[in-house]
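As a basis for the values below, the full set of heavy atoms in this structure was taken, side chains included, without hydrogen atoms, waters or symmetry mates.
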Amino acid sequence: MSPPLLAAEQAVLGAVLLEPDQLAHLDWLAPEHFYRPAHQALFGALRKIRADGHPTVGADGLVPLSWVTDAVEEASLHVRGVTEVYAHRVISACPRPEHAPVYGRMVLEGAIHRTVAQHAIRLHQAARADAVQGEVEGVLRSADVLTGVLTDLARRWGTDPRPVEPTAAPATGPAPAPVRTAPVAEDERFLLAVLAEQPQALDEVVPWLRPADFADPAHGQVYRCLGALRHRGEPIDRITLLWEAQRRGLLADGTLSGDQIAGICDGVPGSSEWFADRVMRASLTRTAAASARAVRALAEDETLGPGRLINHALHALGPLDEVRARWATANEPPKRLAPAPARGGPPPARVHAARARSTTHPSPSPPARPGPVSPPPATRPPARGHL
């Protein structure tokens with residue numbers, strides 16, 4: 001806790017102890033915004049006894065001593081260390097009681113920095129835990145909580161939450177070692193081998209899987225080469241993939257080697273969607289960890305005001321939001337499409353109507369007209385030789 005913030009917390013409490021009416025100007029400040037537990041308890045006690053109808057002005061127009069002693073007694077029920085001696089210390093730490101709203105905004109500013117840092121740490125922990133387990137539910141939940149916290153803090157501070165890119169990237173320090181790099185690299189190699197063996201599977205994963213989703217940049221470049229060959233309608237095998245890598249300068253700069261491409265094109269049976277899902281999960285947790293580190297670095301920068309901190313933090317979560325959107329696309333249930341009419345033919349409704357008009361229906365027989373009755377045919381005589 002910085003010395004200015006400690007002085008601001010003491011000044012707020014001292015102002016309220018000296019002038020209880022200052023609480024009416026601090027209704028937006030909550031006990032949990034204070035850093036020290038003793039300060040939280042004392043501020044909560046002052047709000048409680050005032051809400052309970054404590055007389056804050058005596059008959060002589062002065063603040064009664066019971067205002068201080070009752071607040072200390074109430075705060076002592078929740079935390080240790082709050083004494084009348086300490087109450088008088090915070091009173092002496094307040095230069096001007098009428099400046100209480102300004103002191104309170106300093107306390108709220110410190111609370112915003114701490115809250116953002118705490119939730120960034122939780123997001124980072126969830127990302128590492130999900131990376132070990134191969135899951136993403138914890139990351140998605142923690143990211144939603146952090147976004148909601150930023151929005152609520154913006155409302156409390158009175159600013160409009162919107163992503164704003166910082167003028168200088170925050171110093172996040174060296175990134176920690178990735179978790180379970182060997183299994184992730186193995187999944188990436190298997191996916192590339194399946195796609196090289198079954199190029200038509202690229203049409204299923206290209207809409208939501210990007211080269212940046214691969215932890216190994218070399219694997220991302222191979223995926224880019226496969227996509228380019230598929231897009232141009234060219235065959236994919238060891239030779240064509242090696243040629244595409246050479247055209248892109250990947251062999252000259254050492255990004256790829258012929259042995260790597262030959263190993264990928266050996267052919268591995270499997271499901272491209274299953275391996276792509278594994279690669280996407282790893283990308284999501286990796287991106288979440290990077291965003292969490294950036295947000296925490298912003299929160300630890302004391303030179304940032306709350307409005308800038310919130311907006312820069314929302315910008316730092318942008319890459320995670322982009323990966324989440326593609327993750328949602330990958331997990332959308334397949335849509336059932338209505339059968340399309342034959343190319344160049346009439347619409348089905350017109351065909352049905354035409355068939356209905358052309359169907360023959362039996363017509364009723366016309367009524368018999370009156371006229372002479374024809375005589376019955378004569379009986380044929382029997383053949384000769386017969387009786």
Side-chain angles (χ1 to χ4, degrees), residues 123-148 163 178-233 236 241 264 267-294 314-338 340:
L123 175 59
H124 190 269
Q125 292 173 343
R128 294 186 65 84
D130 279 359
V132 172
Q133 301 173 3
E135 301 292 342
V136 297
E137 287 75 13
V139 162
L140 299 179
R141 185 167 52 251
S142 297
D144 288 338
V145 171
L146 177 53
T147 302
V179 181
R180 297 182 66 186
T181 54
V184 171
E186 190 173 273
D187 290 335
E188 293 178 356
R189 285 194 300 268
F190 282 150
L191 172 61
L192 296 174
V194 172
L195 294 177
E197 182 69 19
Q198 307 170 20
Q200 67 278 5
L202 280 164
D203 299 335
E204 302 174 357
V205 301
V206 162
W208 46 269
L209 188 65
R210 301 287 182 270
D213 292 323
F214 290 79
D216 190 337
H219 292 164
Q221 292 296 338
V222 174
Y223 178 71
R224 194 185 300 274
C225 293
L226 289 170
L229 291 172
R230 178 67 176 174
H231 178 72
R232 297 197 300 263
I236 295 178
L241 186 57
I264 288 174
V268 175
S271 169
S272 60
E273 291 186 356
W274 190 87
F275 285 118
D277 178 84
R278 299 273 297 176
V279 173
M280 194 68 184
R281 288 172 182 265
S283 175
L284 185 59
T285 55
R286 192 168 57 251
T287 305
S291 294
R293 290 195 300 271
L314 289 172
H315 180 272
L317 293 176
L320 177 57
D321 294 336
E322 191 271 337
V323 177
R324 288 188 64 176
R326 291 190 285 109
W327 169 258
T329 301
N331 288 274
E332 286 180 352
K335 298 179 180 179
R336 293 186 177 181
L337 302 177

J.: Taking all non-hydrogen atoms of both residues, which atom of Ala127 and which atom of Ala288 are closest, and how far apart?
T.: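 Nearest heavy atoms, Ala127 then Ala288: CB-CB, 4.1 Å.
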
J.: Quick one: ring pair (Phe, Tyr, Trp, His ring centres under 6.0 Å) pairs with a partner in residues 191-221, sequence neighbours left out?
T.: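 Listed once each, the pairs are Phe214-Tyr223.
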
J.: When rounded to the nearest 0.5 angstrom, what distance separates CD1 in Ile264 from CG in Leu195?
T.: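 Separation between the atoms: 10.0 Å.
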
J.: Treating Ser142 as the side-chain partner and Val139 as the backbone partner, does any N or O pair qualify as donor plus acceptor under 3.5 Å?
T.: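 Side chain of Ser142 to backbone of Val139, a donor-acceptor pair under 3.5 Å: no, none is there.
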
J.: Supply the atom-to-atom distance Glu204 CD to Leu209 CG, rounded to the nearest 0.5 angstrom.
T.: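 Rounded to the nearest 0.5 Å, the CD-CG separation comes out at 12.5 Å.
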
J.: Which distance, rounded to the nearest 0.5 Å, do you find between the CG of Leu284 and the CG of Leu140?
T.: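 Leu284 atom CG to Leu140 atom CG measures 5.5 Å (nearest 0.5 Å).
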
J.: Measuring from Leu241:CG to Leu192:CG, what's the distance to the nearest 0.5 Å?
T.: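 One finds 9.0 Å between CG of Leu241 and CG of Leu192.
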
J.: Nearest 0.5 Å, what's the CG-OG distance between Asp203 and Ser272?
T.: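 Reported value, rounded in 0.5 Å steps: 10.0 Å.
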
J.: Tell me every residue that passes side chain to side chain donor-acceptor pair (under 3.5 Å) with Asp321, counting only those two or more places apart in sequence or in another chain.
T.: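 Testing Asp321 for side chain to side chain donor-acceptor pair (under 3.5 Å), a comparison that skips the adjacent residues, returns none.
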
J.: Kindly give the heavy-atom pair with the smallest separation between Ala143 and Arg324, and that separation in Å.
T.: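 For Ala143 and Arg324, the tightest heavy-atom pair comes out as CB-NH1, 3.9 Å.
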
J.: Test your reading of the model: is there a side-chain donor-acceptor pair from Asp130 to the backbone of Thr285, 3.5 Å cut-off?
T.: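 Checking the backbone N and O of Thr285 against the side chain of Asp130, no donor-acceptor pair under 3.5 Å is found.
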
J.: Between Val323 and Met280, is there a side-chain heavy-atom distance shorter than 4.5 Å?
T.: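 Met280 reaches Val323 side chain to side chain.
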
J.: Is Ser283 reaching over with its side chain to a backbone N or O of Val279, donor-acceptor style, under 3.5 angstrom?
T.: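 No: the side chain of Ser283 does not pair with the backbone of Val279.
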
J.: Taking all heavy atoms of Arg281 and all of Gly134, pick out the closest pair and write down the distance.
T.: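 Smallest interatomic distance, heavy atoms only, reads NH1-O, 3.2 Å.
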
J.: Backbone N or O of Ala215 within a donor-acceptor pair of the Glu188 side chain at under 3.5 Å?
T.: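 Yes, because the side chain of Glu188 sits within donor-acceptor range (under 3.5 Å) of the backbone of Ala215.
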
J.: Counting distance only, does the side-chain N/O of Asp213 pair as donor-acceptor with the main-chain N or O of Arg210 below 3.5 Å?
T.: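 Yes, because the side chain of Asp213 sits within donor-acceptor range (under 3.5 Å) of the backbone of Arg210.
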
J.: Side chain to side chain donor-acceptor pair (under 3.5 Å) with Gln125: which residues, sequence neighbours excluded?
T.: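 Gln125: no side chain to side chain donor-acceptor pair (under 3.5 Å) contacts found.
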
J.: Roughly how far apart are Leu146 CG and His124 NE2, rounded to 0.5 Å?
T.: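 Rounded to the nearest 0.5 Å, the CG-NE2 separation comes out at 13.5 Å.
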
